[in-house]
**Q** 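The structure under discussion is supplied below as C-alpha cells; questions concerning it will follow.
Labels below follow one simple rule: chain letters A, B, ... track the order of the sequence lines, proteins then strands, and each chain is numbered from 1.
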Amino acid sequence: MREQICKLVAEKLPELAGVVALRQTAVGTAPYLFREGDDLSQLVLEPRYPLPSVVSMLQKRYPEARFGVVARGCDARALVEMAKRNQIDPERLYLVGFTCSAEQAAECYCAAPAPDTAGWPQAMVVGVPVAGAPPNPLVAQYEEMSLAERRAFWQQQFAKCIKCYGCRNICPECFCEACALEDPLWVEAGMLAPPFPMFHLVRAMHMASRCVACRQCELVCPAHIPLTVLYDLMRRDIGELLGYEPGADIAAAPPLSLTLADGMVHGQDQLL
Amino acid sequence: MTDTFEPKIVAFLCNWCSYAGADNAGVARMPSPANVLPIRVMCSGRVSPEMVLRAFRSGADGVLVLGCHIGDCHYISGNHRTIKRMPLLHNLLSYVGIHPDRFRLDWVSSAEAPRFAQVTQEFVEAVRALGPLAEDGW
Amino acid sequence: MTNSVPEFSAHTNCFLIIGSNTTEAHPLVASHVMEAQQRGAKVIVVDPRQTQMARLADLYLCPRPGTNVAWLNGLMHVIIAEGLQDASFVQERTEGYEELRQVVMTYPPEKVEEISGIPADDLRAAARLYAQHKPAAILYAMGITQHTTGTDNVKSCANLSMLTGNVGIAGGGVNPLRGQNNVQGACDLGGLPNVYPGYQAVTAPEVKEKFEQAWGVAGLDDQVGLTVTEMIEGAGQGNVRALYVMAENPLLSDPDINHVRHCLEQLDLLVVQDIFLTETAELAHVVLPATSFAEKDGTFTGTDRRVQRVQKAVEPLGESKPDWQIICELAQMMISGSRFQVPNLQPETWNYASPAEVMDEIAPVTPIYGGVSYERLEREGSLQWPVPTADHPGTPYLHKGKFSRGLGRFHAIHSQAAAELPDEAYPFTLTTGRLMFHFHTGTMTRRTEKLAQEVREAYVEMHPDDAARIGLDGAERVRVASRRGEIELAVRVTPAIRPGVVFIPFHFAEAAANVLTHAALDPDSGIPEFKVCAVQVEPVT
Amino acid sequence: MQYENVRTTCIYCGCGCAINLQVLDGEIVGVFPDPQHPISRGSLCIKGWNVASFVRHPDRLATPLVRQGEGFREASWDEALQLVAERMGAIYAASGPQSIGFLASAKCTNEENYLLQKLARTIVRTNNIDHCARL
C-alpha cells in the first residue's frame with residue numbers, strides 16, 4: 001500500500017505545491033511537506049498525526065497553492081468538517097486516501113475505516129476497504145449505568161486532567177483563534193482539575209457536531225481520560241436528534257448553524 | 001432534609017416573551033417561588049451551554065431556559081438554535097451524572113403569565129425533590 | 001534516578017511519592033504513574049500540600065515540613081516489626097542492617113505521629129502498601145532534598161528501598177525527579193566544584209593527571225571549588241571578584257535574595273550570558289545574547305539519565321549565538337590575550353565545528369558517557385548512562401545484581417529539626433515550590449501568553465483555619481514576612497494545605513518567595529532549606 | 001515553501017519529553033508531541049505544547065550589551081568578548097584564579113556545560129564552577 005501511495009504521490013507532485021504526509025528519518029517520524037524531488041522512500045503511514053491541521057495551516061499561508069494530503073478515513077472526515085467551516089479549501093486539495101486495517105479499525109472502534117471520496121473534487125483511495133468495527137462497548141454499557149455511577153466514573157477521570165489542552169490542540173476541528181476553554185468566564189484559569197468539569201463539558205458541547213471520531217484527543221491525553229466515550233455519545237445524539245453525521249457528507253451543512261426551516265430537525269416534539 | 005431544602009434556581013428568560021411573561025405574572029400577583037433568580041437575555045438563542053454550565057458550577061441546583069414559542073421569535077430563528085442545542089446539553093448533563101430534571105427548556109410567551117407561574121413552580125418542586133446538586137458531588 | 005520513567009507504567013506496583021507535586025512539576029512522569037494506577041498499582045503521596053497527585057492517591061499522608069527522616073524511620077519500624085522486609089536482599093546485598101534496625105526501632109508510629117503529625121495507623125497502612133506491592137518505586141523531588149537534612153532524607157529513602165529489596169529491579173528504586181531540563185546533564189558534565197565530567201573527583205591525583213593529559217595542560221586546580229552559594233557569599237566578602245553566569249538567574253532562584261543582590265553588587269565583573277535580560281543580567285557589566293534551545297544543537301540528559309538530542313529548528317535571533325560558540329570564542333580570546341598563564345594552550349583547540357565534536361571529546365574522558373555519540377543518538381533515539389562503550393546498550397536501571405560499591409550500605413540516621421522553626425513572632429512554616437504553568441524563574445513562561453494567562457501573579461496558599469487565625473476576613477492580599485524580608489501578594493485560601501503551613505511559588509520576581517527563604521544549607525550537599533522557614537502573615541487592607 | 005518538523009527535547013523540566021517543532025519557511029509555527037517517544041508517548045503538558053512561544057519574543061536579547069552608567073549600550077561581539085577577557089584577565093592577574101567564579105547552567109546543553117567547566121578549569125585554573133542543581 002505504501003508503494004502504491006508513493007507512486008501516486010510521485011505522479012501528482014508535479015502539479016502540486018507539495019503533499020502533506022509523514023516522513024520517517026533517523027530521528028523519528030513526523031508530518032512533512034513532500035515536494036518534487038524529495039525522497040519518497042521516507043514517506044510512511046504511521047503513527048497518527050493530525051495532518052488535516054497541517055493542510056489547513058499551509059492553505060491559509062499560501063492562499064493560491066494546491067496541496068495534496070495522504071489521509072486515512074478519519075483524516076478525510078476531519079477535512080470534510082473543516083471545509084464546511086472554511087478551514088480548508090477542497091478545490092485546492094488532492095486527497096490521497098488509504099484504508100486502515102481491520103485491526104486498526106477495531107482499535108479505534110472505527111465505523112468507517114476508509115476515506116469516502118464522494119463529494120471530493122479530486123481524490124483517490126488506495127487499499128481495499130475493510131468493514132467498520134463495532135462501537136466502543138463503553139458507550140453501550142453507559143446506558144446501564146445509574147446517574148451516580150456515571151458521576152463517579154467521570155469524577156475519577158476528570159480529576160486526573162492536568163489541563164495540557166492537548167485534546168484541543170491536537171483536534172483538527174478545534175481551530176478557533178479565541179478559545180472558550182481559555183476564557184476565565186467559563187474555565188477557571190490556573191487550576192488543575194477543578195471540582196466542576198467546565199473544561200470537559202464545554203468541549204464536549206463544542207464537539208457535538210464536529211467530532212469525526214479520529215480519537216487523537218484520547219491518544220494525546222497524558223491522563224488517559226477516555227474522552228471519546230463522551231464524544232461518541234454526543235455524536236450519537238446529534239445523529240438521532242438532528243440527523244447529522246459529522247464528516248460524512250461534504251454537502252451537508254452543520255446542523256447547529258441552521259434554522260428549523262432548513263430541514264435539519266426531525267421534529268420539535270422529539271427535542272423537548 | 002428535602003422538606004426544608006430550598007433549591008437555588010437560575011432562570012434565563014428571553015426579553016421579548018418569557019421575561020415579559022414573568023413581569024405580567026408579577027403584575028397579576030400570581031404566586032411565584034422566591035427561589036428563582038431570573039436573568040434576562042435578549043433571546044433564548046443567546047443562552048450558550050457555557051452559561052448553563054456556569055450556573056451549575058456557581059451553585060445553582062437547577063437551571064431553567066425559557067424562550068418564545070417556535071415561530072414567535074423576535075429574531076425569527078433565534079430560538080431555533082436553542083431548540084437544537086439545549087437538548088444536547090440536557091443529554092450531556094445526564095452523561096456525567098447530573099439529573100436531567102435539573103435542567104429544563106420551555107416556551108412562555110408574554111401573554112402566558114399563568115404558564116410562567118406554573119412552569120417555575122413545577123420546576124422548583126422537581127429540583128426540590130432531587131436535593132442539592134452539591135450532594136451529588138459536582 | 002536509579003530506574004527509568006517507562007518502567008513506572010510497565011512494572012511498578014506501588015509508588016511512594018514524597019515531596020513531589022508530580023502532576024504539576026513532572027506531568028509526563030505523572031502520566032506513567034496514572035497509567036500504572038489504572039492497572040491496579042497503589043500510590044502513596046506524602047506532602048504537606050494535598051496536591052492533585054495526593055488527591056489521586058490511594059493513601060495521602062500530610063506531614064509537618066522537615067520531618068522526613070522521622071516518618072521514613074517510622075515506616076521502616078513498621079516494616080521490620082511486622083517482618084515485611086526482604087530478608088534475603090538485606091542478607092546478600094547490604095551491610096549495616098543491625099545499626100539501622102537499632103535506630104529505626106526507636107521510631108514507633110505513635111512517636112512518629114508526635115513528630116510528624118502523620119496518624120500512626122496511616123503510617124502503618126503506608127508501610128504495608130509499600131512493602132507488599134513489589135516492585136515499589138520511591139519518587140521524590142525537592143521536598144526531600146531542599147532541607148538542611150536533605151542528604152539524610154535521601155539516605156533514608158535509600159534505606160527503605162534496600163530494606164524491601166526494591167533496588168536493582170525494573171520498576172523499583174529511588175527516583176529523584178530533576179526539576180530542570182538538563183540539571184542531570186550539568187552535573188554529569190562537571191558543572192560542579194568537586195568533580196570533573198562523569199563525577200570524577202578533582203582531588204584525586206590520577207583523575208587530575210588524566211584530564212591534564214586529555215586537555216593538554218598542566219597544573220589543574222586540585223582543590224574543591226566554591227558552590228553557587230559560596231561564590232555569592234564570596235562576592236559579598238570581596239574574595240570572589242568576577243562571576244561569569246551562563247543562563248542562570250540566582251537573583252531569583254537563590255535563597256535570601258536581598259542578600260544575593262547586595263553580594264552581586266560588590267563584584268568587579270559580572271558577565272551574564274542569557275536569552276532575556278533577567279533580574280541577574282540587569283546587574284551585569286556585560287550581557288551576552290545567547291540563542292534559545294530551538295536555535296542550537298546539543299544534548300540534554302533527562303531525569304532518568306537519558307541522553308537525548310536537541311536539534312536546531314530555526315536560525316538564531318539577531319546577533320545572538322549559541323552558548324557553546326560564545327564560550328569557544330571567549331576561550332580563544334582569553335588564551336590569545338596575555339593575562340592568563342596558559343603556555344600550553346592554543347586557541348585552535350577551541351575550534352569546534354559543532355556540538356557533535358564536543359561530544360566526541362566528552363565521551364573518551366567521561367566513562368558514563370563513553371559510548372555516547374550523535375550518530376548513535378540519531379539511530380537509537382536516546383541512551384541512558386552508564387553507557388561505557390560504543391557497543392554498550394545503556395542502563396535502564398542501576399544496581400542490578402550488585403551495587404557500584406559492592407554491598408549497599410544502610411545509614412542509621414536520627415531525625416533532626418529544621419534550621420528555623422516557627423515561633424511566636426513568625427508562627428507559620430513557609431514552603432516553596434513550582435506551578436504547572438511556570439518554569440523556574442519565569443523568564444520564559446511568563447513571556448508565553450498561553451501560560452501567563454493561567455497564572456499571572458504570585459500568591460500564597462493558606463489553610464482556612466489559619467486565614468481565620470490571622471483575621472483575613474475576606475482580604476485578598478497579605479504581607480508575608482520573615483527575618484530576612486517581606487513581600488506582598490495575593491492569598492488563596494484552600495483546605496489542601498496543612499494548617500500552620502503556607503506555600504508560595506517562586507516564579508514571580510515582583511513577589512519573590514526567595515526574599516523570605518534563608519540560606520541554611522545541608523552540610524553535605526550545600527542545598528538550601530527552601531522547604532522550611534518561619535514567616536508571619538498579615539492581611540493588607 | 002518548506003514545511004518540516006524538527007525533533008528536539010523539551011526544556012521545561014527533567015522528564016525529557018520529545019518535542020516536534022513545526023517549522024514553516026524558517027519560522028516555528030507550532031508544536032506536535034511524538035507518539036513514538038518512550039517517555040512522552042504522544043502527550044505533552046501545557047508547557048511543552050507552548051515551548052516555542054518565547055523564541056521570537058521581542059524582549060529577546062539580540063546584541064551584546066555593555067554597562068553604561070545605570071543602563072546598557074549595545075556593543076559588537078568583538079568588543080564585548082574582548083572586554084570580558086580583558087577584565088577577567090586583570091582580575092586574574094591581580095587576585096588569582098580563585099577570585100573568579102563560573103555558573104554553568106541546568107538549562108544549557110551537555111556540550112555547553114562541558115565547555116564552560118573546561119574553560120574554568122584549563123584557562124582560569126579554578127574549580128569555582130557550579131550551577132543551580134540544588135535550587
**Q** Provide the closest heavy-atom pair for D:Val6 versus C:Lys312 in the form atom of the first, atom of the second, distance.
**A** CG1-O, 3.6 Å
**Q** Would the distance check show the side chain of D:Arg67 and the main-chain N or O of C:Glu282 forming a donor-acceptor pair, the cut-off being under 3.5 Å?
**A** yes
**Q** For the pair D:Arg56 and C:Glu295, find out whether any cationic side-chain nitrogen is under 4.0 Å from an anionic carboxylate oxygen.
**A** yes
**Q** Does a donor on one side chain sit under 3.5 Å from an acceptor on the other, for C:Thr299 and D:Glu111?
**A** yes
**Q** I'd like to know if D:Asp59 pairs up with C:Arg447 as an ion pair, taking the criterion as any Lys NZ or Arg NE/NH1/NH2 lying under 4.0 Å from an Asp or Glu carboxylate oxygen.
**A** yes
**Q** Examine the side chains of D:Tyr12 and C:Gln180 and answer whether a donor and an acceptor come within less than 3.5 Å of each other.
**A** no
**Q** Has C:His26 got a side-chain atom pairing as donor or acceptor with D:Cys15's backbone, closer than 3.5 angstrom?
**A** no
**Q** Looking at C:Glu35 and D:Arg41, does any basic side-chain N land under 4.0 Å from a carboxylate oxygen?
**A** yes
**Q** Can D:Asn110 and C:Asn182 be counted as having a side-chain donor-acceptor contact under 3.5 angstrom?
**A** yes
**Q** Side-chain donor-acceptor pair under 3.5 Å between D:Ser99 and C:Arg241, yes or no?
**A** no
**Q** With side-chain hydrogen bond (donor to acceptor under 3.5 Å, both in side chains) as the test, would you mind laying out the steps for D:Gln98 and C:Asp221 before giving the verdict?
**A** CA-CA 10 Å; D:Gln98 301 311 330; C:Asp221 184 7; 3.0 Å; yes
**Q** Evaluate the ring planes of D:Tyr114 and C:Trp215, with Trp represented by its six-membered ring, and classify them as parallel (under 30°), tilted (30 to 60°) or perpendicular (over 60°).
**A** perpendicular
